[in-house]
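Please read the structure below before turning to the comments.
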Amino acid sequence: MPSQPQIGICHGFFVDVSKRGQGLAHNLKQTQFDALDSDMYDYGMCTCDAANTAQQAVLKRAGWHLLDEFSNRKTGGTTQIWGRAIAPEEDQHLR
């Protein structure tokens, strides 16, 4: 994120329908977190369609928090913004 190099913007990933229910999304989310941590980001942010309850479950289980939501003019739906601290708790000054 410009002028905020400690914030990582995470891109989504897709799990094929035939592979769902096997924990792959949770493994991918952990891999994403590990990459943010090893690259020394302090905070991660991502978006999620409000109708995507499966992605929301993955985010919640991985410790992400819903920050805000807005009407998406392109899709006509609602987009959510999620965030999560990456740095160890002892390094966090704003909790």
Side-chain angles (χ1 to χ4, degrees):
M1 178 175 279
S3 79
Q4 299 298 323
Q6 73 278 16
I7 298 175
I9 305 299
C10 302
H11 295 280
F13 45 81
F14 177 79
V15 176
D16 188 84
V17 175
S18 67
K19 303 287 185 188
R20 292 182 186 169
Q22 300 175 30
L24 296 175
H26 299 289
N27 293 342
L28 288 167
K29 201 66 187 166
Q30 183 61 50
T31 299
Q32 187 179 62
F33 175 86
D34 293 342
L36 290 168
D37 188 36
S38 70
D39 288 341
M40 298 187 69
Y41 285 102
D42 296 317
Y43 201 83
M45 294 181 74
C46 68
T47 59
C48 174
D49 188 287
N52 191 340
T53 56
Q55 183 180 8
Q56 293 165 21
V58 169
L59 289 166
K60 287 177 187 175
R61 182 171 160 185
W64 292 67
H65 304 282
L66 178 62
L67 302 174
D68 201 358
E69 59 184 26
F70 59 92
S71 295
N72 187 320
R73 293 183 291 166
K74 288 185 179 181
T75 67
T78 300
T79 297
Q80 298 176 330
I81 303 170
W82 289 73
R84 183 179 196 274
I86 304 300
E89 266 189 54
E90 60 269 12
D91 292 346
Q92 295 298 309
H93 301 289
L94 301 173
R95 291 298 248 163

Thr78 side, atom OG1; Asn72 side, atom CG - distance, nearest 0.5 Å = 8.5 Å
Under the 3.5 angstrom rule, does the side chain of Gln56 hit a backbone N or O of Ala50 as a donor-acceptor pair?
-> yes
side-chain hydrogen bond (donor to acceptor under 3.5 Å, both in side chains) with Asp39: which residues, sequence neighbours excluded?
-> none
Heavy-atom nearest pair, Arg84 first then Ala62, reads NE-O, 2.7 Å
Quick one: closest heavy-atom pair of Gly8 and Leu36, and the distance?
-> CA-CD2, 4.0 Å
In terms of hydrophobic clusters joined by side-chain contacts under 4.5 Å, are Met40 and Ile7 together?
-> no
Closest heavy-atom pair and its distance - Thr47, Gln55 = O-NE2, 3.5 Å
CG (Asp68) and CD (Gln80) are apart, to the nearest 0.5 Å, by 10.0 Å
What one should report as the nearest heavy-atom pair of Asp16 and Ser18 is OD2-OG, 2.6 Å
Euclidean distance, Phe14 CZ relative to Arg20 CZ, rounded to 0.5 Å = 4.5 Å
In the hydrophobic clustering that connects Ile, Leu, Val, Met, Phe, Trp and Tyr at side-chain heavy-atom distances below 4.5 Å, which members other than Leu59 occupy its cluster, ordered by chain and number?
-> Trp64, Leu66, Trp82
Less than 4.5 Å apart, any side-chain heavy atom of Leu67 and any of Met45?
-> yes
Partners meeting side-chain hydrogen bond (donor to acceptor under 3.5 Å, both in side chains) with His26 (sequence neighbours left out) | Arg61
CG of Asp37 to CG of Asp42, rounded to nearest 0.5 Å, is 9.5 Å
What distance separates Cys46 SG from Ile81 CD1, expressed to the nearest 0.5 Å?
-> 10.0 Å
Pairwise distance CG(Leu28) to CZ(Phe33) - rounded to 0.5 angstrom | 15.5 Å
Counting N and O atoms only, with roles assigned by atom type, does the side chain of Gln32 sit under 3.5 Å from a partner on the main chain of His11, one being a donor and the other an acceptor?
-> yes
